[in-house]
Amino acid sequence: MEEHVDVPYGVWTKIAGNRSKLDGKQLSLLESWDCGRNSYEIIKTLRRMIPEFIRLNKYLCTQVGVETNEDHIKRIMDMVI
């Protein structure tokens, strides 16, 4: 996306509302990650976030010239879940 969205924490109108600069796929991902306070739902949502987290990690590592080390990230995710 290459664009910074400057919004206060918890204000989603510029991120997921009518003024969003995200494309349809990105908005769909945000919608699919919605969960309540139920611990089972939170863990389920975390699992659905992993592919995007790994993709974003690869992108950021490339931008700053750091080794990706995907296996390390996956081990950390396994500990979290």
Side-chain angles (χ1 to χ4, degrees):
M1 189 169 146
E2 300 292 333
E3 188 170 332
H4 175 74
V5 180
D6 188 22
V7 295
Y9 177 75
V11 177
W12 286 96
T13 56
K14 285 187 178 178
I15 297 172
N18 292 337
R19 299 183 293 168
S20 178
K21 295 180 181 180
L22 301 178
D23 65 30
K25 181 182 175 190
Q26 292 166 324
L27 288 169
S28 179
L29 275 176
L30 279 179
E31 187 177 328
S32 75
W33 293 338
D34 188 31
C35 67
R37 300 180 94 174
N38 177 294
S39 59
Y40 174 75
E41 291 297 318
I42 292 169
I43 296 298
K44 210 165 86 172
T45 301
L46 282 172
R47 284 192 177 114
R48 287 195 306 262
M49 293 173 120
I50 291 172
E52 183 63 13
F53 183 88
I54 290 171
R55 185 200 67 78
L56 180 59
N57 180 63
K58 284 180 187 177
Y59 174 79
L60 293 174
C61 287
T62 301
Q63 293 296 307
V64 296
V66 175
E67 182 183 345
T68 303
N69 201 346
E70 191 172 319
D71 290 334
H72 185 68
I73 297 295
K74 287 180 180 180
R75 282 195 307 274
I76 292 170
M77 292 295 187
D78 287 343
M79 286 191 275
V80 170
I81 295 175

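These numbers come from a predicted model, not from an experiment. Values below: every heavy atom of this structure, side chains too, minus hydrogens, waters and symmetry copies.
Rounding to the nearest 0.5 angstrom, the gap separating the CG atom in Asp71 from the CD1 atom in Ile73 is 10.0 Å. The distance from the CG atom of Leu29 to the NZ atom of Lys25 is 6.5 Å, given to the nearest 0.5 Å. For the atom pair NE2 of His72 and CE of Met77, the computed distance is 11.0 Å after rounding to the nearest 0.5 Å. One finds the SG atom of Cys61 at 8.5 Å from the CG atom of Asn69 (value rounded to the nearest 0.5 Å).
Between Arg47 and Ile43 the shortest side-chain heavy-atom distance falls below 4.5 Å. You'll find the side chain of Leu60 stays beyond 4.5 Å of the side chain of Val64, heavy atoms only.
Remark: side-chain polar atoms of Ser28 are not paired, donor with acceptor, to backbone N or O of Gly24 under 3.5 angstrom. A donor-acceptor contact shorter than 3.5 Å is absent between the side chain of Glu52 and the backbone of Met49.
Closest approach of Arg48 to Ser32, counting heavy atoms only: NH2-O, 2.6 Å. Considering all non-hydrogen atoms of both residues, Ile42 and Gly36 come closest at CG1-O, 3.6 Å.
Linking Ile, Leu, Val, Met, Phe, Trp and Tyr residues whenever their side-chain heavy atoms come within less than 4.5 Å places Ile81 and Ile54 in a single cluster. A continuous path of Ile, Leu, Val, Met, Phe, Trp and Tyr side chains, each step under 4.5 Å between heavy atoms, connects Val80 with Trp33, placing both in one hydrophobic cluster.
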